[in-house]
Amino acid sequence: MIRLSRSRRCRKRNKQTVIGLQIALIIYLLIGLGSQLNQNTNASFHDVERSSFSMKAGTKFKDVNDKQWDGSDLTFKKQTSTKGKIPESLPLFAEVNNHGDQMTTSKWKWELHKVESSSKPLKDGKVIDKGTVSKEIHDGVYRIESTRELSEGKYAFKLIKPKGHPDFKGKKSYIWSKVIELKESKEKESSKETRDSKEEKKETTKTKQD
């Protein structure tokens, strides 16, 4: 009986030890599995974030022709103030401000139009001069100017947005400056009249002599 009870106790202890080892093994496996799942989830999250960013960049800067837009965005800041008189020596100019990224590869073109009316929206007129925005006078501010000889009339600068710009193929592919109205000064008109009268007198005198 004593031997039988001892064997029973030994079996009971062995059974408890085995159960304890099994529980410890299950807990260890669960901890390892949870750690592995957590690492995989973090890796997947980072991959999705990187993919999302690259898609946004492609959508913003890439156009249908696979040409890049550098993100520059120009608007008119100020322009020549002539007070209605034709400038004798100063050129017509306008300053444009870059509200976007630094201008590196995109080409912003400009034209000087002689327009028939100052009514908005302005319509294309005769192109007097044209060029490319390139002269940066200080950070983010560029100057465009025309040195062409101008006559009396209404003028406006037209700024044309570059390829790749979101508005390039739409109705907002260009912007106008304010209309600059030029008139001949009274001094100029009187001097012109004086010259004309002198020429008439010369012609009259020459005719009489003949």
Side-chain angles (χ1 to χ4, degrees), residues 53-54 56-192 195:
F53 177 78
S54 62
K56 284 182 179 177
T59 304
K60 183 177 180 182
F61 297 110
K62 212 172 184 182
D63 71 352
V64 292
N65 296 321
D66 292 329
K67 292 183 179 179
Q68 296 296 320
W69 166 53
D70 59 17
S72 55
D73 193 20
L74 307 184
T75 56
F76 283 103
K77 183 181 179 183
K78 67 177 183 178
Q79 60 194 47
T80 302
S81 177
T82 62
K83 296 181 180 179
K85 295 180 181 179
I86 296 178
E88 297 288 343
S89 57
L90 295 175
L92 285 190
F93 77 91
E95 290 183 5
V96 291
N97 196 15
N98 184 8
H99 297 282
D101 297 334
Q102 186 177 3
M103 190 164 62
T104 54
T105 56
S106 296
K107 288 185 178 180
W108 287 74
K109 297 178 181 179
W110 63 267
E111 296 174 346
L112 178 63
H113 287 244
K114 187 174 184 179
V115 295
E116 293 183 359
S117 172
S118 55
S119 301
K120 294 183 180 180
L122 293 178
K123 295 181 180 179
D124 286 349
K126 182 181 179 181
V127 178
I128 305 300
D129 202 358
K130 58 185 177 180
T132 304
V133 179
S134 59
K135 186 178 180 181
E136 187 174 11
I137 54 177
H138 50 85
D139 291 344
V141 179
Y142 296 81
R143 181 185 174 98
I144 57 179
E145 61 183 36
S146 173
T147 56
R148 297 289 177 88
E149 187 175 345
L150 304 173
S151 58
E152 190 174 68
K154 297 174 182 178
Y155 298 84
F157 284 101
K158 183 179 183 180
L159 191 61
I160 303 167
K161 297 176 182 180
K163 290 182 179 179
H165 192 284
D167 299 332
F168 179 72
K169 291 189 175 180
K171 294 181 179 180
K172 297 181 179 178
S173 60
Y174 56 84
I175 52 176
W176 289 100
S177 70
K178 293 179 181 178
V179 174
I180 307 167
E181 190 169 356
L182 301 181
K183 294 180 180 178
E184 289 190 355
S185 63
K186 290 182 179 180
E187 293 178 0
K188 232 180 175 185
E189 288 177 357
S190 60
S191 62
K192 186 179 178 182
R195 285 198 305 270

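Heavy atoms only, all atoms of each residue included: T132 and W110 are closest at N-NE1, 3.5 Å. Residues F168 and P162 share a closest heavy-atom pair of CD1-O, 3.4 Å. The two residues S146 and P91 have their closest heavy-atom pair at O-CB, 3.0 Å. The nearest pair of heavy atoms linking I175 to F76 is O-CE1, 3.6 Å.
Judged purely by atom type and a 3.5 angstrom limit, K161 has no side-chain atom pairing as donor or acceptor with the backbone of D73. No side-chain donor-acceptor contact under 3.5 Å links N97 to the backbone of K77. With Q79 contributing its side chain and K178 its backbone, the two residues share a donor-acceptor pair below 3.5 Å. The closest donor-acceptor contact from the side chain of H113 to the backbone of G125 lies under 3.5 Å.
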Determine, stepwise, if the pair F93 / T147 fulfils side-chain contact (heavy atoms from CB on, under 4.5 Å). CA-CA 9 Å; F93 77 91; T147 56; over 6 Å; no
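Note that the CZ atom of R148 and the CG atom of D129 stand 4.0 Å from one another [nearest 0.5 Å]. Separating the OG atom in S72 from the OH atom in Y142 is a distance of 7.5 Å, to the nearest 0.5 Å. The line from OG of S134 to CE of M103 is 7.5 Å long, rounded to the nearest 0.5 Å. Atom CD1 of I180 is separated from atom CG of L112 by 7.0 Å, given to the nearest 0.5 angstrom. Here the CG atom belonging to L122 is positioned 8.0 Å from the OG atom belonging to S117, to the nearest 0.5 angstrom. Here E181 contributes atom CD and S118 contributes atom OG; the two are 7.0 Å apart, rounded to the nearest 0.5 Å.
Within 6.0 Å of atom NZ in K154, more than 12 heavy atoms from other residues, nucleotides or ligands are found, so the atom counts as buried in its surroundings. Summarising the local packing, CD of E136 is surrounded by more than 12 heavy atoms from other residues, nucleotides or ligands at distances under 6.0 Å.
Side-chain contact between Y174 and D167 is absent, with no heavy-atom pair separated by less than 4.5 Å. Using a 4.5 Å heavy-atom threshold, the side chains of D124 and W176 count as touching. Looking only at side-chain heavy atoms (C-beta outward), D101 and D70 stay at 4.5 Å or farther from each other. For the pair V133 and L159, the minimum side-chain heavy-atom distance is below 4.5 Å.
The residues K109 and E111 are annotated as not salt-bridged, no charged nitrogen and carboxylate oxygen being separated by less than 4.0 angstrom.
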